[in-house]
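Notes for the one structure printed next.
Below, read A as the first sequence line, B as the second, and so on, with proteins coming before strands; counting in each chain starts at 1.
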2 protein chains.
Amino acid sequence: MTGTPGAEETATEEHPRRWLKAGLMADRLSFRVRSVMALLGARVTEAFAPYGLRPGSFTSMALISANPGSSQIELARLGGLDKSSIVLIIDDLVQRGYAVRAKSTEDRRRSSLFLTRAGEEVMAQMYTAAMATETSIRAELGPDDMQQLFGLLDRVYAILEREDPPID
Amino acid sequence: MTGTPGAEETATEEHPRRWLKAGLMADRLSFRVRSVMALLGARVTEAFAPYGLRPGSFTSMALISANPGSSQIELARLGGLDKSSIVLIIDDLVQRGYAVRAKSTEDRRRSSLFLTRAGEEVMAQMYTAAMATETSIRAELGPDDMQQLFGLLDRVYAILEREDPPID
DNA sequence: TATTGTTATACTCTATAACTATA
DNA sequence: TATAGTTATAGAGTATAACAATA
């Protein structure tokens with residue numbers, strides 16, 4: 001008995017229909033992705049709670065760390081967010097002392113973003129916490145199937161991105 | 001040059017860093033799932049706009065259609081939503097004439113939910129529209145890889161659900 | 001006492017539009 | 001004219017808490 005999106009069991013006496021059939025939804029990729037994201041997202045949010053930061057803030061920190069000096073609009077594009085949404089996230093990170101905005105010397109419209117030492121440290125801790133939420137999945141799928149899943153998701157992402165490029 | 005989550009290219013002269021490196025994020029399942037969901041969700045929302053309904057409403061309709069007579073709390077559990085959130089969705093569907101609440105005769109606390117004929121028709125049309133947003137993905141991945149992807153996502157979902165069962 | 005459904009309320013996330021400053 | 005960033009505002013989506021009816 002499971003609520004796995006694709007499952008199509010029938011309710012029984014001892015297990016009164018706790019789980020519904022997914023019906024047509026079972027054929028849709030987006031239903032599965034959404035279902036997984038809902039549970040996974042809840043875990044991540046919970047894991048981040050002690051740090052007072054939300055998943056979106058962590059994503060920004062990790063991207064800045066991997067791309068020091070990047071601009072807010074670059075962050076917005078990769079995250080699929082509007083540039084105005086990034087402003088609030090960076091505002092918060094700056095206020096906490098985790099990031100700094102340095103005016104670019106080449107193009108004075110741009111902010112070059114960097115993490116502070118404190119920001120790098122918190123980011124690393126949050127990364128560990130985030131990875132821990134996926135430990136059991138890695139263990140049960142094993143490295144091969146995990147790689148397979150990553151590869152398939154990357155292909156899907158590449159198709160979507162090619163067909164729906166960022167507008168800005 | 002691509003923004004695929006796992007990609008780790010370097011900016012070049014002719015392609016000034018439009019895409020950032022994903023850095024640590026590339027190792028996380030939730031980052032990939034979130035990235036795919038962001039693009040896929042935007043497509044679905046757009047496809048549903050002509051019907052005046054949001055993805056959550058369509059999900060409820062499809063689940064009611066597959067499980068006639070189900071209760072609001074059952075819908076909430078499968079969708080990972082709070083029961084109070086479902087109320088608003090069903091209110092809207094009822095107001096549009098797409099669903100009806102019938103008081104259960106066995107347990108008069110429960111509402112037995114059904115789609116109206118109009119609701120079934122709109123749901124079928126929206127299903128077609130939703131599937132169309134995934135056409136190119138199916139075409140490029142092919143049936144085997146698509147099945148592989150579905151199977152892997154189902155396994156992930158089953159693990160998450162087993163470890164984080166619904167509270168209510 | 002526990003469960004289903006409801007209401008009121010508030011919060012998070014994100015987008016839109018209008019703006020400043022730079023290019 | 002176009003782009004990077006900012007601000008103010010509004011909307012969607014969801015949760016929490018308190019409650020009524022029923023089990």
Side-chain angles (χ1 to χ4, degrees), chain A residues 16-18 20 34 37-39 41-42 44-46 48-49 52-60 64 69-95 99-113 166-168, chain B residues 16-18 20 34 37-39 41-42 44-46 48-49 52-60 64 69-95 99-113 166-168:
Chain A
R17 190 168 52 214
R18 167 164 190 187
L20 304 182
R34 194 185 302 271
M37 192 63 232
L39 297 182
V44 173
T45 299
E46 189 179 8
F48 286 170
L53 293 173
R54 310 271 316 167
S57 301
F58 171 69
T59 299
S60 291
I64 295 170
S70 42
S71 67
Q72 296 183 184
I73 208 144
E74 286 168 336
L75 253 48
R77 279 179 186 135
L78 189 60
L81 299 179
D82 190 83
K83 53 185 175 154
S84 67
S85 303
I86 293 290
V87 174
L88 306 177
I89 292 173
I90 304 298
D91 278 351
D92 181 58
L93 293 178
V94 169
Q95 198 163 5
V100 290
R101 285 181 172 105
K103 270 290 167 204
S104 168
T105 48
E106 297 164 351
D107 181 344
R108 277 153 57 222
R109 291 172 303 181
R110 298 171 91 258
S111 284
S112 295
L113 303 171
I167 296 170
D168 252 343
Chain B
R17 190 169 53 215
R18 168 165 189 186
L20 303 182
R34 192 185 304 269
M37 192 63 231
L39 296 182
V44 172
T45 299
E46 189 179 9
F48 286 170
L53 291 173
R54 309 270 317 166
S57 301
F58 170 70
T59 298
S60 291
I64 294 169
S70 42
S71 68
Q72 295 184 184
I73 207 142
E74 285 168 336
L75 253 50
R77 280 178 185 137
L78 189 60
L81 299 179
D82 190 84
K83 54 187 175 150
S84 67
S85 303
I86 293 290
V87 173
L88 306 177
I89 292 174
I90 304 299
D91 278 352
D92 180 58
L93 293 177
V94 168
Q95 199 163 4
V100 290
R101 286 181 172 102
K103 271 288 166 204
S104 168
T105 47
E106 296 164 350
D107 180 344
R108 278 154 57 221
R109 290 173 305 182
R110 297 170 92 259
S111 284
S112 295
L113 302 171
I167 296 169
D168 255 342

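Once rounded to the nearest 0.5 Å, the distance linking CG of Leu93(B) with CG of Leu53(B) reads 6.5 Å. The OG atom of Ser60(A) sits 9.5 Å away from the CD atom of Gln72(A) when rounded to the nearest 0.5 Å. With values rounded to the nearest 0.5 angstrom, Ile64(B) atom CD1 is found 11.0 Å from Ser112(B) atom OG.
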All N/O donor-acceptor pairs, side-chain side in residues 84-91 of chain A, below 3.5 Å, sequence neighbours left out:
from, atom 1, to, atom 2, distance (Å)
Ser84(A), OG, Asp82(A), OD2, 2.8
Asp91(A), OD1, Arg101(A), NH1, 3.0
Asp91(A), OD1, Arg101(A), NH2, 3.0

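Annotation: side chain of Arg34(B) is in contact with side chain of Met37(A) (closest heavy-atom distance under 4.5 Å).
The separation between Ile86(B) atom CD1 and dT3(C) atom P is 18 Å, rounded to whole Å. Between Gln72(B) atom CD and dT7(C) atom P there is a gap of 10 Å when expressed in whole angstrom units. Spacing between atom CD of Glu74(A) and atom C1' of dG5(D) amounts to 13 Å, rounded to whole angstrom units. Atom CG of Leu75(B) and atom P of dT14(D) are 13 Å apart (whole Å). Rounded to whole Å, the distance from CD1 on Ile73(B) to C1' on dG5(C) is 8 Å. For Leu81(A) and dA4(D), the CG to P distance is 16 Å, given to the nearest whole Å. Following rounding to the nearest Å, Leu113(A) (CG) and dT6(D) (C1') show an atom-to-atom distance of 14 Å. The distance between atom NZ of Lys83(B) and atom P of dA21(D), rounded to the nearest whole Å, is 15 Å.
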Pair Glu74(B), Leu78(B) - check side-chain contact (heavy atoms from CB on, under 4.5 Å), show working. CA-CA 6 Å; Glu74(B) 285 168 336; Leu78(B) 189 60; over 6 Å; no
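Residues meeting the salt bridge (Lys or Arg N to Asp or Glu O under 4.0 Å) test with Arg108(B), sequence neighbours left out: none.
Residues from residues 101-109 of chain B with heavy atoms under 4.0 angstrom of DNA chain C, sorted by number: Arg101(B), Arg109(B).
Residue Ser111(A) is classed as a sugar-phosphate contact, given heavy-atom separations below 4.0 Å to backbone atoms only. Gly80(B) comes within 4.0 angstrom of sugar-phosphate atoms only, judged by non-hydrogen atoms across all strands, and of no base.
In this structure, Arg109(B) and Lys103(B) approach most closely via the heavy-atom pair O-NZ, 3.5 Å.
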All N/O contacts under 3.5 Å from nucleotides 7-9 of chain D to the protein, with atom names and distances to one decimal?
none

